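Working notes, structure below.
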Amino acid sequence: MSQHPPVPLGTFPTPVEPAPRLAAALGLGPDDLWVKRDDLTGLGGGGNKVRKLQWTVGAALAEGADTLVTTGAPQSNHARLTAAAGARLGLDVVLVLRGSPGGSRSGNLALDGLFGARLAWAGDVDRAALDAAADEVCARLRAAGARPALIPFGGSSVLGARGYAGCGAELREQVPDLRTAVVALGSGGTMAGLVAALGSRSVLGVDVGALTGPAAAVAEFAAPLTEEEITPEGLRVRRDQVGAGYAALTGPVTEALRLAARTEGLVLDPTYTGRALAGLRAAVRDGDIRPGEKTVFLHTGGLPGLFGHPAAVTFAEDGATPFEA
């Protein structure tokens with residue numbers, strides 16, 4: 001494992017806030033539910049990827065990189081924050097994205113451009129082909145005299161997960177009687193770090209459909225960071241909120257978006273935090289999360305993704321009703 005120190009990119013520790021009105025709406029007690037505000041990490045609009053990037057970009061700098069390369073979907077929060085990290089540190093950034101140019105230019109894509117990232121569109125490809133496209137971009141950069149560092153998909157690796165082991169340590173101090181931390185499960189590194197710090201039974205991951213085997217990824221990234229034996233089967237993972245797929249807006253997610261906004265003024269996104277809250281709601285209904293136990297909902301950010309999702313924007317706008325005296 002890399003011994004390079006993390007590069008400071010965010011503002012920590014992030015606050016933990018009570019959510020009594022949301023708790024009541026979910027069927028929990030007023031003191032049962034707290035929100036860990038990792039949307040307030042500071043850099044580039046905030047979000048959970050900042051903690052991972054502190055480690056992965058720190059290693060890249062220590063190895064002499066002058067260019068960061070990473071992959072993702074067009075509305076990738078990780079790609080946006082990699083671009084922001086590059087801007088702060090004076091590094092070039094190339095984002096290798098699925099799809100083709102000419103689609104939506106809002107949300108995270110707008111910020112990618114604002115931060116000065118260059119985009120390489122890989123077409124309609126699977127994960128293996130996306131990784132191959134990133135390798136080709138790195139080869140072309142090296143041939144041109146650059147020193148690229150390839151940052152893993154979603155920032156997720158054993159090294160990146162160390163950022164969320166740090167978040168878990170914060171939570172242990174902020175909420176000592178924590179029973180369950182609920183988090184969106186995408187590329188696996190965020191949940192992995194929390195599992196390493198809090199234990200496999202204290203973290204509930206809600207699958208968003210980014211990977212076919214998310215529990216295996218979590219176990220792979222968490223195992224080197226803890227003495228606990230971590231297996232995919234031993235993790236708490238809900239896979240009932242994926243719906244039609246990663247980019248789809250589901251009924252339970254629209255309900256979760258509205259509920260968080262109208263009880264706590266809390267804005268969630270349709271892909272990650274919206275699914276995580278829908279999963280938390282389902283976990284309360286089926287008894288996996290119970291009243292009287294301290295639950296922390298990890299807000300991982302992603303606000304720009306809301307504005308880059310046309311169906312979510314339409315849903316949100318339709319919530320405004322005409323005033324009638």
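Bear in mind that the values here come from a model prediction, so they are computed numbers and not experimental data. The figures that follow rest on heavy atoms only: side chains count, while hydrogens, waters and symmetry mates do not. One-based numbering along the sequence shown.
- Nearest heavy-atom pair, G302 versus D269, reported as atom, atom and distance to 0.1 Å: O-CB, 3.3 Å.
- The two residues G123 and S100 come nearest to each other via the heavy atoms CA-OG, 4.4 Å.
- Nearest heavy atoms, L22 versus E264: N-OE2, 3.0 Å.
- In plain terms, the two heavy atoms of A256 and A278 that are nearest each other are CB-N, 3.8 Å.
- For the atom pair SG of C138 and CG of L68, the computed distance is 10.0 Å after rounding to the nearest 0.5 Å.
- Looking at R201, R281, R236 one by one, the single match for salt bridge (Lys or Arg N to Asp or Glu O under 4.0 Å) with D288 turns out to be R236.
- Under the 3.5 Å distance criterion, the side-chain polar atoms of Q75 are left unmatched by any main-chain donor or acceptor of G305.
- Follow the hydrophobic side-chain contacts under 4.5 Å out from V206 and you never reach L235; the two are in separate clusters.
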- Item | Full working for side chain to side chain contact (heavy atoms under 4.5 Å, CB included) between V182 and V296 | CA-CA 6 Å; V182 180; V296 171; over 6 Å; no

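- Placement of F297 and V16 in two distinct hydrophobic clusters is found when ILVMFWY residues are connected by side-chain heavy-atom separations under 4.5 Å, directly or transitively.
- In terms of heavy-atom proximity, A184 sits nearest to V208 at CB-CG1, 4.0 Å.
- Taken to the nearest 0.5 Å, the CG atom of N77 stands 8.0 Å off from the OG1 atom of T271.
- Separation of atoms CH2 (W55) and OG (S157) is listed at 11.0 Å; rounding is to 0.5 Å.
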- Task: Quick one: do T180 and S202 satisfy side chain to side chain contact (heavy atoms under 4.5 Å, CB included)? Show the steps, please.
- Result: CA-CA 5 Å; T180 301; S202 295; over 6 Å; no

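- No more than 12 heavy-atom neighbours from other residues, nucleotides or ligands sit within 6.0 angstrom of CZ on R105.
- Note on K36 versus E17: no salt bridge recorded, every NZ/NE/NH1/NH2 to OD/OE distance being 4.0 Å or above.
- Counting only distance, with no hydrogens or angles, the side chain of T70 and the backbone of L95 share no donor-acceptor pair below 3.5 Å.
- Annotation: side-chain contact (heavy atoms from CB on, under 4.5 Å) contacts of A120 (sequence neighbours excluded): V94, V96, V137.
- Contact of the L303 side chain with the D39 side chain is not registered, since no non-hydrogen atoms from C-beta on lie closer than 4.5 Å.
- Figure legend: R80 and F115 shown without cation-pi pairing, the cationic atom not lying both under 6.0 angstrom from the six-membered ring centre and within 45 degrees of its axis.
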- With side chain to side chain contact (heavy atoms under 4.5 Å, CB included) as the test, would you mind laying out the steps for L298 and T190 before giving the verdict? CA-CA 10 Å; L298 194 75; T190 299; 3.9 Å; yes

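- E255 has no carboxylate O lying under 4.0 Å from a charged side-chain N of R258, or vice versa, which leaves the two without a salt bridge.
- Between the side chain of R147 and the main chain of R142, no donor-acceptor pair closer than 3.5 Å is present.
- A distance-only check finds a donor-acceptor pair linking the side chain of R275 to the backbone of V242 [under 3.5 Å].
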- Is there a side chain to side chain contact (heavy atoms under 4.5 Å, CB included) between L40 and T11 once you walk through the steps? CA-CA 8 Å; L40 303 180; T11 302; over 6 Å; no

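- Under the 3.5 Å distance criterion, the side-chain polar atoms of Q54 are left unmatched by any main-chain donor or acceptor of P6.
- The shortest side-chain heavy-atom distance between L61 and L91 falls under the 4.5 Å cut-off.
- Under 3.5 Å, the side chains of Y246 and D207 contain no donor-acceptor pair of N or O atoms.
- In the displayed structure, R179 atom CZ is contacted under 6.0 Å by more than 12 heavy atoms of other residues, nucleotides or ligands.
- Screening L277, D38, L268 for a side-chain contact (heavy atoms from CB on, under 4.5 Å) involving H299 leaves a single residue, L268.
- Screening D32, D177, D31 for a side-chain hydrogen bond (donor to acceptor under 3.5 Å, both in side chains) with K294, the sole residue that qualifies is D177.
- Residue H309 holds its NE2 atom at 10.0 Å from OG1 of T314, rounded to the nearest 0.5 Å.
- V313 and L109 end up in different hydrophobic clusters when Ile, Leu, Val, Met, Phe, Trp and Tyr side chains are linked at under 4.5 Å.
- Atom NE2 in H78 sits 8.0 Å away from atom OG in S156 (nearest 0.5 Å).
- Between the side chain of T67 and the main chain of D92, no donor-acceptor pair closer than 3.5 Å is present.
- The same ILVMFWY cluster, assembled from side-chain heavy atoms under 4.5 Å apart, contains both L204 and L26.
- Within the 4.5 Å cutoff, the side chain of L89 has heavy atoms near those of the L9 side chain.
- The two atoms that bring A134 and V69 nearest to each other are O-CG1, 4.4 Å, heavy atoms only.
- Checked by atom type and distance alone, the side chain of R140 never pairs as donor or acceptor with a backbone atom of E136 at under 3.5 Å.
- Side-chain contact between L28 and R290 is absent, with no heavy atoms from C-beta onward closer than 4.5 Å.
- Cluster annotation: L185 is not connected to Y272 through the hydrophobic network of ILVMFWY side chains, with a link wherever side-chain heavy atoms come within less than 4.5 Å.
- Side chains of Y164 and L171 form no contact here, defined as non-hydrogen atoms less than 4.5 Å apart.
- At a cut-off of 3.5 Å, with distance as the only test, a side-chain donor of T14 or R51 sits close to an acceptor on the other residue.
- L33 has its side chain out of reach of P20: every pair of non-hydrogen atoms, C-beta onward, lies at least 4.5 Å apart.
- Note that OG1 of T254 and CZ of F315 are 4.5 Å apart. Values are rounded to the nearest 0.5 Å.
- In this structure, a donor-acceptor pair under 3.5 Å is absent between the side chains of K49 and T82.
- At least one donor-acceptor pair under 3.5 Å links the side chain of K52 to the backbone N or O of G154.
- Of the possible polar contacts, one joining the R21 side chain to the R262 backbone as a donor-acceptor pair under 3.5 Å is found.
- Within a 6.0 Å radius of CG in D124, no more than 12 heavy atoms belonging to other residues, nucleotides or ligands are found.
- Partners of T226 under the side-chain contact (heavy atoms from CB on, under 4.5 Å) rule, at least two apart in sequence or in another chain, are A196, E228, I230.
- Put simply, the side chain of P15 does not reach to within 4.5 Å of the side chain of Q174, judged on heavy atoms.
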